[in-house]
Every structure is written in C-alpha cells, then in structure tokens.
Novice: 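This structure is in structure tokens; I'll ask about it shortly.
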Amino acid sequence: MTPIVSPAIAPVAVTDLVGRTPLLRLQRFLPAGSGVEIYAKAEFMNPGGSVKDRAAAAIIADGERTGRLRPGVTLLDATSGNTGIAYAMIAAARGFKLKLCVPENVTTERKRTLRAFGAELVLTSPMEGSDGAIREARRLYEENPGAYFYADQYSNDANWRAHYDSTALEILTQTDGRLTHFVAGLGTSGTFIGVGRRLREHNPDIRLISVQPDSPLHGVEGLKHMDTAIKPAIYDPLLADEDVGISTERSHDLTRRLAKEEGILAGVSSGAALAACLDLAQRIDEGVIVTVFPDSGTRYLSDRFWEEQAS
Ligand SMILES: Cc1ncc(COP(=O)(O)O)c(C=O)c1O
C-alpha cells in the first residue's frame with residue numbers, strides 16, 4: 001500500500017528530533033573574494049533549543065542501558081541551564097523524575113522553562129556560579145547515593161561520545177569532508193572533545209581550535225575559563241591545536257551582529273565562537289571553517305547587552 005504520509009513528515013516523538021541540525025553558511029563577515037568559508041551548526045534547532053539535547057539524550061540512554069537510571073531513581077545533575085532544559089524535556093517525555101542544582105542567578109525564563117517541564121530545582125549561590133551547583137549535586141548524591149542517578153555531565157563519557165557519534169559525522173557529511181578547521185567553545189568540553197576526536201581520526205590535517213572566555217569573571221554563559229574553573233574530567237587540553245580566549249564584549253558584539261547582519265538570533269557563546277572563526281579567517285588564505293552555535297538568542301532576551309553598542 002502506498003503510504004499517505006511521506007516518511008520525512010511522519011509523526012515522531014519529540015526526543016526523535018534531537019540532532020541532524022542544519023549547517024548554516026555565514027556570508028556577511030568575510031571580504032568579497034575571500035578564499036575562506038565559514039559554516040555553523042544550528043544547534044538551537046534541537047527540540048530543547050540547544051546543543052545539549054545531544055549530550056542529555058546520550059547520557060540518559062547510557063544510564064538506562066547500564067541500569068543506573070531505572071524506575072524509582074531520580075536523575076540528578078548540576079547545570080546552568082541548557083543541559084537542564086534538555087534533561088527536563090526528555091525526563092518529561094519519558095516519565096522519570098529530575099532534580100537539578102542551578103545557580104540562583106540564572107534567568108527567570110530558564111527557571112520557568114525547567115519548572116514547566118516538571119523538574120525540581122535546588123538553587124545554589126550566585127557567587128559560586130556553576131562550580132557551586134556542581135558541589136551541591138555531589139553533596140546530595142553522597143548523602144543518598146541509592147536515590148539518584150548522578151548523571152555528572154562533566155565526567156560522563158556519554159557526553160562527548162554523543163558528539164563523536166552524531167555531530168562530527170553530520171559535519172563531515174554536510175561539508176563533503178572539505179572542512180579544514182573546527183572551532184568550538186568549551187563548557188563541559190563535550191562538543192569540542194567528541195567532534196574533535198572523530199575529525200582527527202578521519203583526517204589528522206583538520207585543525208582543532210577550542211574557545212574560552214579570556215577571563216575568570218565573564219558573561220559568556222555556557223563557557224568555562226578552564227584555568228580557574230573546576231576542570232571537567234572529560235576535558236583533554238592536549239586535543240586542541242590552538243586554544244583562544246575571547247572577551248565578553250566581543251562575544252556580545254558579534255552576537256548582535258549575527259542577528260542584524262545574518263538574521264541568526266543566537267546565544268552569546270555563538271558570538272564567542274564566531275569571533276574565534278573571524279580571527280582565524282584573517283590568518284589563512286583559504287579554508288573551510290566549521291563552528292557550532294550552541295543555543296538561541298531567545299534564551300538571553302532579558303540581557304541588557306542587546307541595547308548596548310560596541311565600544
Ligand atoms: C550556551 C552554551 N554554549 C556552549 C556550551 C558548551 O558545550 P559543551 O558543554 O559541549 O562544551 C554550552 C554547554 O552547556 C552552552 O550551554
């Protein structure tokens with residue numbers, strides 16, 4: 001029998017929509033006739049709105065496969081937002097309980113989104129940032145290990161493997177293997193490590209560039225200043241060919257420009273990644289640079305930087 005609905009638009013579960021994100025070509029930031037091409041994975045197109053859907057889906061699948069996440073056990077983790085939203089979306093769809101340690105100063109929209117999905121929040125000191133949330137999650141787990149599946153995205157190999165198994169292969173397919181440079185910000189480092197390892201195996205000539213905020217006190221949500229933060233166990237500083245520091249001001253400026261000049265409303269860590277791509281583009285005559293835009297600007301609309309001007 002001929003199917004009435006084509007497979008491409010057949011009904012699916014929300015969790016089936018994770019991954020297979022478009023690759024955007026950025027046109028406006030390079031001079032005419034440049035031999036450099038810049039592309040960005042539109043990770044804000046994931047159903048939970050960020051790149052972290054991939055890691056959360058893989059961590060949860062691994063927890064279920066190994067029996068650590070089972071009926072009656074609560075998933076516990078520390079997250080400043082996007083991973084939490086990803087866990088919360090999947091937990092709601094799959095019907096298990098979720099407890100998240102979140103710094104109190106994350107935006108109201110974030111907290112409301114998490115609660116809308118039914119997550120329980122443990123608010124931690126804003127002064128201690130994401131490290132304070134990590135310490136609280138560890139404390140809760142040690143207090144009652146039998147009650148929780150402590151997902152620990154910073155130490156969980158399923159995090160970087162999600163990108164090794166999906167994001168990297170998508171990038172290779174979408175560029176026909178032509179990419180010469182991969183640029184990505186470091187949070188848990190799952191994206192950079194997973195994609196980087198796979199690309200390196202595929203073609204050792206591909207250059208891997210990691211991006212960090214250039215100071216400990218920064219406003220690039222999602223990224224870590226590795227020298228001063230609790231280092232994620234999955235992070236391997238030796239993988240990168242280069243590691244670059246980007247200021248919050250430049251990240252803001254390029255986030256604004258992405259919206260105004262490319263029509264891409266992305267989050268601040270996308271501006272940081274773009275800054276690193278543009279610095280790189282100035283140093284090479286030709287190349288195909290691929291980066292990742294982790295989330296959408298809609299997550300930061302209450303932030304004042306949208307109205308500020310570049311100095
Ligand atoms: C907005 C944003 N950008 C970048 C990242 C970094 O991704 P990863 O944790 O894979 O290093 C995150 C991670 O939470 C994020 O939320």
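Both counts, for ligands and for their atoms, begin at 1 and track the order of listing.
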Novice: Under 4.0 Å, heavy atoms only, figure out whether ligand 1 is touched by the backbone of F44, its side chain, both or neither.
Specialist: neither
Novice: Yes or no on side chain to side chain contact (heavy atoms under 4.5 Å, CB included) for I284 and H181, after CA distance, side-chain angles and deciding distance?
Specialist: CA-CA 11 Å; I284 57 178; H181 297 77; 3.7 Å; yes
Novice: Verify, without hydrogens or angle tests, whether T66 (side chain) and D62 (backbone) share a donor-acceptor contact under 3.5 angstrom.
Specialist: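 Yes, T66 side chain to D62 backbone: donor-acceptor pair under 3.5 Å.
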Novice: Which of the numbered atoms in ligand 1 are under 4.0 angstrom from any heavy atom belonging to S269?
Specialist: 1 (C), 2 (C), 3 (N), 4 (C)
Novice: Just jot down the ligand 1 atoms closer than 4.0 angstrom to any heavy atom of T188, in number order.
Specialist: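 Once the distances to T188 are compared, the set is 8 (P), 9 (O), 10 (O), 11 (O).
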Novice: Of the non-hydrogen atoms in D303 and W306, which two are nearest, and what is the gap between them?
Specialist: O-CD1, 3.2 Å
Novice: Which of the atoms in ligand 1, numbered in the order shown and given with their element, are less than 4.0 Å from a heavy-atom of G190?
Specialist: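 This gives 8 (P), 10 (O), 11 (O) as the contact atoms.
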Novice: Do any nitrogen or oxygen atoms of H163 come within less than 3.5 Å of a nitrogen or oxygen of ligand 1?
Specialist: no
Novice: P294 heavy atoms, cut-off 4.0 Å: which ligand 1 atoms fall inside?
Specialist: 2 (C), 3 (N), 4 (C)
Novice: Near S189, which atoms of ligand 1 are under 4.0 Å from a heavy atom of that residue?
Specialist: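 Result: 8 (P), 9 (O), 11 (O).
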Novice: Decide whether T255 and H252 meet the rule of one side-chain donor and one side-chain acceptor closer than 3.5 Å.
Specialist: no
Novice: Do the side chains of I90 and F149 join up, straight or via other hydrophobic residues, at under 4.5 Å, putting them in one cluster?
Specialist: yes
Novice: When you measure from atom 16 (O) of ligand 1 to each heavy atom in T79, V292, N82, which option holds the nearest one?
Specialist: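 Minimum heavy-atom distance to atom 16 (O) of ligand 1 goes to N82.
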Novice: With heavy-atom distances below 4.0 Å as the criterion, list the atoms of ligand 1 near L223.
Specialist: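 Those of ligand 1 that fall under 4.0 Å from L223 are 4 (C).
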Novice: Enumerate the atoms of ligand 1 whose separation from the nearest heavy atom of D295 is less than 4.0 angstrom.
Specialist: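 Counting atoms of ligand 1 from 1, those under 4.0 Å from D295 are 1 (C).
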Novice: Looking only at side chains, do N159 and Y154 share a donor and an acceptor under 3.5 Å apart?
Specialist: no
Novice: What atoms in ligand 1 come closer than 4.0 Å to a heavy atom of E221?
Specialist: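 In order of number, 1 (C), 2 (C).
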Novice: Could you tell me whether R198 sits above the aromatic face of Y164, with NZ or CZ closer than 6.0 angstrom to the six-membered ring centre and within 45 degrees of the axis?
Specialist: yes
Novice: Strictly under 4.0 Å, does any heavy atom of Y154 approach an atom of ligand 1?
Specialist: no
